[in-house]
Structure formats: structure tokens, C-alpha cells
Amino acid sequence: MTPHPIIRFSNATFSYKGHTALEGVTLDVHEGEFVGVIGPNGSGKTTLLKGLLGLIYPSAGSLQIFDCACEALRCEHRARIGYLPQKERTDPNYPITIWEVAMMGRYGAIGLLKRPKRQDREIVLESLEAVGMVSLKDHPFGQLSGGQQQRVLIARALSQRPDILLLDEPTTGIDATTQKRLSDLICRLHQQYKLTIVFVTHDINMISPIAETLIVLNNRLHAKGRPSEILTKEILSPVYGEEVIVAKRDQKPYIIVHDTHDHA
Amino acid sequence: MLELLSYGFIQRALLASLLIGLVCAVIGVFAVLRGMTFIGAGTAHSAFAGVTFAFWIGFPPFLMALVFGLSTVWITSYVQEKGKMKPDVPIGVFYTFTMALAIFFIGLMKTSRPEVFGYLFGSILSVTQSELIVIFALSVVILFIVGLFFKEFHFISFDQDMAEASGIPAKKLSFLLLNLISLAVVIALKSVGAMLVFALLVIPAAAAQQWATNMRSMMITSAIIGVASSWMGVLLSYWFDVPSGATIVMFSAGVFLFSVLFSGRQRMGQTS
Ligand SMILES: Nc1ncnc2c1ncn2[C@@H]1O[C@H](COP(=O)(O)OP(=O)(O)OP(=O)(O)O)[C@@H](O)[C@H]1O
Ligand SMILES: [Mg+2]
């Protein structure tokens, strides 16, 4: 028995002002699946997530989430999707504490005109515990380091008690140790909560051991498969250029991508 | 001092400036954090155009200020959505257009109407009973709506896309917030006038942000600075016979400068 797809792209095209960012994507994601998304800059990774969030609609084809067309996605559907946006600098003087940021994840579920209840506070506490940020909960968010902010934003996404977690380059610009801790954390959450995860990253070597499925974008769906099927020169070099090297390290494929622009 | 409070016009001025200072300071927090302050400046000028239009055709100025102020929000939002541009562009166009309109209407008036300039520069000491009632009613409405949607306004100020994505009707609430900013500006015309109302919206909130580490403390500090500045303006303008609007703005600007200079030290002390 194959599990039911929770996300279904059918020949979906997404454009901005007539400029096509992502064309003709057909893709199913099943409940509880861990999908890694890779592709060069501007290949449409963030666009794919924005489609899933219902922030942009397909200009052709269709996208269904929870069996609901993304155009018709209602607030209660959106509340079931947790999202970690691609990193943008927050104003360090924005007056908000870690606790307040994490609590915002509950606002969709709490609904308009209502205040957080004890149950909401318990969920927020648990989310902050999961990312190891409880002890700093009254600290101003803006004064945290980039990696700590990412952890708090993951806690906010978890506070939604989502069915789907969308992560847009959560480990970019973060030191190697924190990166490892974050990816371990995401793996653990995937197992613990049976979360469906769509994880966008540039770090092929970080994502390939943890994702069940890898997809490669290049303004269309270039490839999809198990990481071992994807990490081949045949698949990667049309996207990343001829300079891709698939090496072996500890019996596992290890990708070295040279930035071709440096030589151009 | 007590004798002062027995004058009806002083009572009205103090009450009106309390409400205006409070409302602008509270709304200003969201406007500043959300980066929507420009709509305040845009509304101020078009509301003033509304006032001049009202004097020209003989309508109640407050009503016309309201109509012009709110239509600024609707028109600029529509143009922004249609043209997919940043909000400062349509507001910038509107801002100058409505100022031109105001000058145009003043030119059309058969007789010179000095009261018009009360709306340009503010004249809190001349607030009438009926104006006070309107200010009171609108203030209650604005504060009530802010109370209802406080957590959502906080969320969309922090991150609009995120709020939308996590199941908050962020676009609608953002539009509502714009309308509230514009209402706050309209009721403040009487106290500081169209030229300076932007200051009442921005300065208390910006000064408060220097001290605050969470939303509640920023709100409270902003409200205190807003009300205190407004009252100082009323009292100083009565005692020394100086323009009230300018006094309010200069006093709050002083608080802002003080906050910038001295809060940094406090913050460094906290984190070390
Ligand atoms: N808001 C926007 N308006 C217009 N064009 C956009 C917008 N956002 C993205 N694009 C375009 O769509 C294409 C895909 O962008 P997208 O942000 O999805 O890329 P990405 O794969 O996430 O890139 P990166 O690795 O740099 O984050 C790019 O060509 C980009 O220029
Ligand atoms: Mg991106």
C-alpha cells in the first residue's frame, strides 16, 4: 500500500510578472516523507516553497496540498504548514523576545480575537525545549546569533504542530558544529513527529545522508530519486556544470562542485 | 495649576491631547515596526486637502478630512497592488498631489479662512466640544480594534509573509492597520496639524524602541512619551503663548534624542 500523497504538483508552472521561475513540475510528496531540494541560485527552490505556502499560485497546471487546491488553501490549512524562510536579517532592535517569536507559531491555531491558553504555552515550551532554547526564552530575539535565531524560528514552526515542515536553507551561513546540530535536530523531529519535510539547501553532502528523496531543480524538475540515484555525474553536471566531481568518501558519494563562474 | 484646570478650553485640550497622544503612540508602534509610517505622512496631506475642500464647499472639515484620509489608503493600496510597486512610490505621488490640491482649494476660496491654517499647524487650545466628541469616539474605536487584533498586528509587523503563511489573514489585517493609521492621523490634525502629525506617529514609537526589549514595554513607553509630549505642548503653549503643535513635536524630539543617546548605554549594561 502506498501512502496517500500529501502534496501533489501536476504540471505546475510558477511565474513572476511573466518571467517563469519554475515550469511544468509534476511531483508527489507522501505523508512522512523527507524531501531534500537542491539546485543552483535562481533555480526555483524558494518558489517551490512559496507555492506550497499558497503565497503564489501556479499560472498553469495545479498544486494540491491536503487534497485542497493551493488557490483555495484556507487559514486552517496554512496553520498545518510550518515554514522557515530563507534567512533575512531581522532588525536587531525589533522589540521581541524569543518566547514571543515562538508563540507566534500558535497564532494561526489560536485564531482571531482569542488569547493564548495554557495548552498553547505548554506547546511553545516544548518546541523551545526541542531546539534547546528554553533557558534564553526572555532574551531579545534580535540579539541572538544567526544560528540561535534559526533555532528559534524552527521552534516557531514546531509550535504550529505542523504536518508539513518547509525549510529554506536553514543551515546556510552557520558554523559547521551548529549546522550539524540543526540537521540532527531536523532528523529527530522528522522521526519523532512523523513530519513531512521539504528541506531546501545548497549543501548536497549534508542533505544526501538524511533525506529519503532528493529533487534537483533547474527552473523545472530536473531529477527526482533516492540520494544514491541522484548523486551521479550524469544527473548533476547538466545543472551544475561539467566541473562536478562525484568522489567517494567512507563508501558514500561525495560531491565537489566548482563554481564555474570563477573560470568564465 | 488647579485654577487652570477649571477652564473649559484647557480641560478639552488636555483630554483631546491625551487621546490623540495615546492613539498616535499606540498606532505608531505598529507603523514604525511594520515600516508603514509613510502612509501617515501621505494621509496627513490629503486629509488637509479634505479640510480645504470642506471649507471651500462649506462641509464639516472633520468629515472631509476623514473621507480624504481613508481614500488615500484605499487608492494607494489599489495602485500598489495593480502596479506591483513599493508603497512609497504611490504614496509619494499622492502626497504631493494632495498638497497641490489643498493649495488649489485655498486659492478657490472667495474669502480668506484663517481657520484652515489651524489644521495645517495645529491648534489644540481651540478644540470644540463637538470635535472632542468625534476625537473621543474615533479613539475608542481605534484602540478597541487594536486590542482585538493585537497579537495579529504584532505578527504582521514582525513578518508579514510568515504571518500569511501560518494561517493569519495577513493581507486583510495589514489593510485594516493602514486604515487605523490613517484614522489616527485624521484625529491628530487638530492637535499638531498636517505638517507635523507624522512626528506624533513616529517619534514616540521610535524613542520607545530604543528602550524596549519586548512588545509590551515598547507600547507602554511609547504611550507615556506620546501623552507626556502632548500635555507638555498644551501647558507650554498656554503659559508661554507658543504654538502647541510645534511644542509637542519639539518636546518629543527631545525625548527621542535623549533615548538615542542614553538607552544604548543601558542596553550594553544589560547584556554584559
Ligand atoms: N519576487 C520575485 N519577483 C520576480 N522574480 C522573482 C521573485 N522571486 C524570485 N524570482 C525569480 O524567480 C527565479 C527563481 O527564484 P527562487 O527564489 O525560487 O530561486 P532559488 O532557487 O530559491 O535561489 P537561491 O538559491 O538564490 O535562494 C529567479 O530567476 C528569480 O530571479
Ligand atoms: Mg531561495
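Here the structure is a predicted model, which is why all the values come from computation and not from measurement. Just so we're on the same page: letters track the sequence lines, and every chain starts at 1.
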Evaluate whether atom [atom1] of [X] has more than 12 neighbouring non-hydrogen atoms of other residues, nucleotides or ligands under 6.0 angstrom away.
X	atom1	result
A:Tyr16	OH	yes
A:Gln86	CD	yes
B:Arg216	CZ	no
A:Glu129	CD	yes
B:Phe38	CZ	no
B:Met36	CE	yes
A:Arg161	CZ	yes

Measure across [X] and [Y] and return the closest heavy-atom pair with its distance rounded to 0.1 Å.
X	Y	result
B:Ala165	A:Leu55	N-CD2, 4.4 Å
B:Ile168	A:Gly108	CD1-N, 3.8 Å
B:His154	A:Tyr94	O-OH, 3.6 Å
A:Gln160	B:Ser166	OE1-CB, 3.4 Å

Given that the side chain runs from C-beta out, which part of [X] has a heavy atom under 4.5 Å from chain A: side chain, backbone, both or neither?
X	result
B:Ser217	neither
B:Phe155	both
B:Met218	side chain

Just give me the residue among A:Ile96, A:Leu166, A:Leu53 that pairs up with chain B most often, heavy atom to heavy atom, under 4.5 Å. A:Ile96
Report yes or no: does A:Tyr107 contribute a side-chain atom to a donor-acceptor pair with the main-chain N or O of B:Lys151 at less than 3.5 Å? no
With no hydrogens and no angle check, is any side-chain donor or acceptor of B:Gln209 less than 3.5 Å from a backbone partner on A:Asn93? yes
Which answer fits A:Ile81, side chain, backbone, both or neither, if we ask what part of it has an atom under 4.5 Å from a heavy atom of chain B? backbone
If I measure from the heavy atoms of chain B, does A:Arg80 come under 4.5 Å with its side chain, its backbone, both, or neither? neither
Interface check, chain A: of B:Ser157, B:Gly147, B:Ala163, most non-hydrogen pairs under 4.5 Å belong to B:Ser157
Approximate separation, where rounding is to 0.5 Å, of B:Asp161 CG and A:Tyr83 OH: 7.0 Å
To the closest 0.5 Å, what do you measure between CE (A:Met104) and CE (B:Met162)? 10.5 Å
